[in-house]
Number of protein chains: 2
Amino acid sequence: MHKRPYHHGDLAAALLARAEEMLREKGSDALSLRELARDLGVSPAAPRRHFTTKQALLDALALTGFERLTAAIATAQDGAGRTFPEQLDATARAFVGFAAANGALLDLMFSAKHSPEASEELGGAALRWVQQGLDMVAEGQRRGEVRAGDLERVALTVFAPLQGYIGLAASGVVAPEVAEEGLDDVIASVVRACRPD
Amino acid sequence: MHKRPYHHGDLAAALLARAEEMLREKGSDALSLRELARDLGVSPAAPRRHFTTKQALLDALALTGFERLTAAIATAQDGAGRTFPEQLDATARAFVGFAAANGALLDLMFSAKHSPEASEELGGAALRWVQQGLDMVAEGQRRGEVRAGDLERVALTVFAPLQGYIGLAASGVVAPEVAEEGLDDVIASVVRACRPD
DNA sequence: CCTACATTGTTTGCATCGCCTACATTGAGA
DNA sequence: TCTCAATGTAGGCGATGCAAACAATGTAGG
């Protein structure tokens, strides 16, 4: 078996890919830089050439998470009808689907503990996700399908139920069959709640 | 300064109290059994006489969290009017208040990673919290103030928005002023969403 | 009151971790 | 071709969780 050349080639990308697998397998608590290094056949200190701290790696993971979430939702919205209920339905299912496949990554994304130096880039990605949601609600308001009012406040009432559904489903506090069928109810309740008077 | 007697007296309770302070100060990632032991003036191995693993201590914390959350909500409900909107308002504010004061503890409570041996007692406490919510929604249905339907599914549409609001407010993804004023909107949207047709 | 045992401490050790510094290899650009 | 930047390695430090063996003491029963 040939020994790997001294330069890995693209260790940064490999670390992120393997870290995501480990996140999915074991959760963020068990994610370990040394184990990542072992898995990739490099020394324990090699990851530090690409991510100065463990937290920096986690922040990079959260960043890719927001990028992929935003992309998944955009794709779902493109393939849906143009009414607000149709757009919301597509958005909600894409969001929940992403959460089902990437629960630990989502936790990481919405965790309050990001390092300050990551705030700008990571914050930018989070903001694009937020803006995407605001755009959908704004379009609904323009079409007269969503109640009037401050855009951010109305959007909060749209996305809080989805976020909460995801959290409750993931925590196991809600029975799996209730969670499975309950998404339809949650989406319908959001549509009812923000329907103009 | 007098050396502590060999027996601490009530090390288990002291560990839980200090662990909660540390959770609040630093989050669950930074919670350390050795530091707890140092803070309480015992050796590093002493905590293991009361909690066999760090996870066992975290599970015990989550258990007390559910007990206190359930108690806080019961107290708020007792002091509120009897209509569903009044009961929901009281419940929501108690829940959000608890979350504001105990963000990291709430994360711990709803974290998917509890040890199997803790499942029964911790699960029982979580179930009592769930039942409390189901009771409130059931009473609303009896009074004709909440739409008919499967109780658990209707309750999910009531509590998902609250849970999501808490998560979004805590994560910083939502602007603080939007979060502060947005609770009224979220509560109102829940009432609208589950009003009978 | 004394003894035995259970409860609850301590000491010592192991394996792992994150992070760091100094040094080594090699790829790229001038 | 040479220099420097990028990216590895080796070795070390201080911390962690967990474990086994031993020590101190509180309690219950005879």
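Just so it is clear: chains get the letters A, B, ... in the order the sequence lines come, proteins before strands, and each one is counted from 1.
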Inset, instruction - Write down the distance between CD (A:Glu35) and P (C:dG18), rounded to a whole number of angstrom. - result: 9 Å
Legend entry - Atom-pair distance (CG on B:Asp10; C1' on C:dT7), nearest Å: 13 Å
Inset, instruction - Please tell me which of the listed nucleotides, D:dA24, C:dG27, C:dC19, lies nearest to the side chain of B:His7? - result: D:dA24
Legend entry - Beyond-backbone contact of A:Arg68 with A:Phe98, side-chain heavy atoms, under 4.5 angstrom: yes
Inset, instruction - Starting from the 5' end of DNA chain C, give me the residue, B:Arg34 or B:Arg49, whose nearest nucleotide shows up first. - result: B:Arg49
Inset, instruction - For D:dT16, take OP1 and OP2 only and decide whether either is under 4.0 Å from a side-chain N or O of B:Ser32. - result: yes
Inset, instruction - Measure from the side chain of A:Arg48, starting at C-beta and using heavy atoms only, and say which of C:dC20, D:dT25, D:dT16 lies closest. - result: C:dC20
Legend entry - Atom-pair distance (CG on B:Leu15; P on C:dT8), nearest Å: 12 Å
Legend entry - Complementary nucleotide of D:dA15, counting Watson-Crick and G-U pairs under 3.5 Å: C:dT16
Inset, instruction - Output yes when at least one side-chain N/O atom of B:Arg4 is less than 4.0 Å from OP1 or OP2 of C:dT8, else no. - result: no
Legend entry - salt_bridge(B:Arg18, B:Glu21) N-O dist < 4.0 Å: yes
Inset, instruction - Take atom CG of A:Leu40 and atom C1' of D:dT7, then tell me their distance rounded to the nearest Å. - result: 14 Å
Legend entry - A:Ser111 side-chain N/O to A:Asp107 backbone N/O, donor-acceptor pair under 3.5 Å: no
Legend entry - Candidates D:dG17, D:dG8, C:dC19 - which lies nearest the side chain of A:Thr53: C:dC19
Inset, instruction - Searching all strands shown, indicate the nucleotide that pairs with D:dA28 (Watson-Crick or G-U wobble; both distances under 3.5 Å). - result: C:dT3
Inset, instruction - Looking only at side-chain atoms of B:Tyr6, point me to the closest of D:dT25, C:dT11, D:dG17. - result: D:dT25
Legend entry - Pairwise side-chain contact, B:Asp185 with B:Tyr165, heavy-atom cut-off 4.5 Å (strictly under): no
Inset, instruction - Take atom CG of B:Leu33 and atom P of D:dA15, then tell me their distance rounded to the nearest Å. - result: 16 Å
Legend entry - side-chain N/O B:His50 vs C:dG9 OP1/OP2, d < 4.0 Å: yes
Legend entry - Aromatic ring pairing B:Trp129/B:Phe66, orientation class (parallel under 30°, perpendicular over 60°, tilted between): tilted
Inset, instruction - Please state how far atom NE2 in B:His8 lies from atom C1' in C:dT10, giving the value in whole angstrom units. - result: 15 Å
Legend entry - Between D:dG14 (C1') and B:Arg38 (CZ): distance, integer Å: 11 Å
